[in-house]
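First the structure, in the form of structure tokens, and then the observations on it.
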Amino acid sequence: MKQSFLTKEQIAEVVKTYPTPFHIYDEKGIRENARKMAKAFSWNKGFKEYFAVKATPNPFLMQILKEEGCGFDCSSLTELMMSEAVGSVGEEIMFSSNATPAEEFVKARELGAVINLDDFTHIAYLEKVAGLPKKICCRYNPGGVYAVSNSIMDNPGDAKYGMTKAQLEEAFSVLKAKGVEEFGIHSFLCSNTVTNDYYPMLARTLFELAAELKEKTGAHITFINLSGGVGVPYYPDQEPNDIIAIGEGVRKAYEEVLVPAGMDDVAIYTELGRFMLAPYGQLVATAVHEKHIYKEYIGLDACAVNLMRPAMYGAYHHITVPGKEDLPCDHKYDVTGSLCENNDKFAIDRMLPKIDIGDYVVIHDTGAHGFSMGYNYNGKLRSAELLLKEDGSVQMIRRAETPADYFATFDFTDYFQTK
Ligand SMILES: *Cc1c(COP(=O)(O)O)cnc(C)c1O
């Protein structure tokens, strides 16, 4: 059973200072999970998790992950700046971007980040705008569909990312001729996998490719970046990934493929976002309306601008009502926000306990790709982000937006400057 990491009483205490809606993160859960992740790959000397900043771009959370040994996977100027702000520069940064603007390559080079090239043409582009580094990564797209245990997981052939195998081989040869000394291979084939088989299978694919590229181009491959994609169980009846088993699966592939190829010094990198934070964040809202027409609706003070995944992907996020954990789920509701947009529904036909106006409603697993995908449609404002610290205290790690924030980018009349 999925339970909120805050009780009704704790939420009632928090809202005295910080009104709903807000996202809140659980420091203890974050740290324990990050340590397990590090343990799962401790067999690999150079292992590093580069947290995907886009999942939850908050420097306070980045600081916690940094303390747990993580670097940062960035793909934009401001993400690079956030990494710099928490003191992670140089090879603590993986810059895995695509369709990259020149200024972002310039910033990444200035910080000494490891650059992951998305396309063959980016070699000439990077060389021209910022120069080539000594260590570089190239992103691979095998095309076709990617299946794990006979079920199709995703469709790389339709994805905009990465290079074909032939391009990758040529890229390594060209880069080597231009003086690059160390190479990495990166690939992100499936998102939110809830199976222990994805990473080991991807690893085997990339290890075999690495051995082949070493053979053909003579490139010195020093790391393999398994990128993101290890998922979390959004549904309460899903079996979670076992990261220790996943680490073991990757080790097995390493020993069977890389070691015999004389490549036993290759470092494993990961760029997980969702797995690192999703379960350790929740969106806490209050039921402010109920409506009975052809269906039963509960209206919250949060809306899709606070959490876009249900509206955008039809994604499931579990919902609980603190204080009513033991009541039967015998009411069927659509749980909605206030946008003038009919897809602004956190849940459709969801069986929940009877909800009363004023009840707190917790939307689970919003710690990654939650707040960060927020937007300002309908002039709605972004919520605060809070941190439940290990000592039980609550710290505000981002304040809620005010109308002045929304009006800050134009200068029309004095009206907007005084609100
Ligand atoms: C989004 C992204 C990630 C993280 O993906 P998760 O599904 O959150 O693990 C990692 N690397 C790259 C390049 C990404 O774009």
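Both ligands and their constituent atoms are indexed starting at 1 by order of listing.
Between Lys48 and Tyr269, the closest side-chain pair of non-hydrogen atoms falls below 4.5 Å. For the pair Tyr199/Val230, a side-chain contact is recorded, criterion being any heavy-atom separation below 4.5 Å from C-beta on.
Remark: the backbone N or O of Ile243 is not paired with any side-chain donor or acceptor of Asn241 at under 3.5 angstrom. Although no hydrogens or angles enter the test, the distance criterion places a donor-acceptor pair under 3.5 Å between the side chain of Asp301 and the main chain of Thr286. Side chain of Thr270 to main chain of Leu226: no donor-acceptor pair is present (N/O by atom type, distance under 3.5 Å, no hydrogens or angles).
Interface atoms of ligand 1 facing Arg139, defined by a heavy-atom separation under 4.0 Å, are 13 (C). Of all the atoms in ligand 1, the ones that sit under 4.0 Å from a non-hydrogen atom of Arg274 are 6 (P), 7 (O), 8 (O), 9 (O). Against a heavy-atom cut-off of under 4.0 Å, Ala52 is close to the following atoms of ligand 1: 3 (C), 4 (C), 10 (C). Those atoms of ligand 1 with a heavy atom of Leu272 less than 4.0 angstrom away are 9 (O). Near His369, meaning under 4.0 Å from one of its heavy atoms, ligand 1 places the atoms 6 (P), 8 (O). Against a heavy-atom cut-off of under 4.0 Å, Asp73 is close to the following atoms of ligand 1: 10 (C), 11 (N), 12 (C), 13 (C).
Using a 4.0 angstrom heavy-atom cutoff, Ser227 counts as in contact with ligand 1.
The N/O atoms of Glu271, backbone and side chain alike, include one that comes under 3.5 Å of an N/O atom in ligand 1. Taking only nitrogen or oxygen atoms, main chain and side chain alike, Gly229 reaches within less than 3.5 Å of ligand 1.
Neither the backbone nor the side chain of Phe275 has a heavy atom within less than 4.0 Å of ligand 1.
Atom NZ of Lys295 sits in a crowded spot, with more than 12 heavy atoms from other residues, nucleotides or ligands closer than 6.0 Å.
For the side-chain contact (heavy atoms from CB on, under 4.5 Å) test with Ile397, the passing option among Glu385, Gln63, His23 is Glu385; the others fail.
The protein non-hydrogen atom at the shortest distance from atom 14 (C) of ligand 1 is Lys54 NZ, 2.8 Å.
Between Tyr234 and His318, the distance from one ring center to the other does not fall under 6.0 angstrom.
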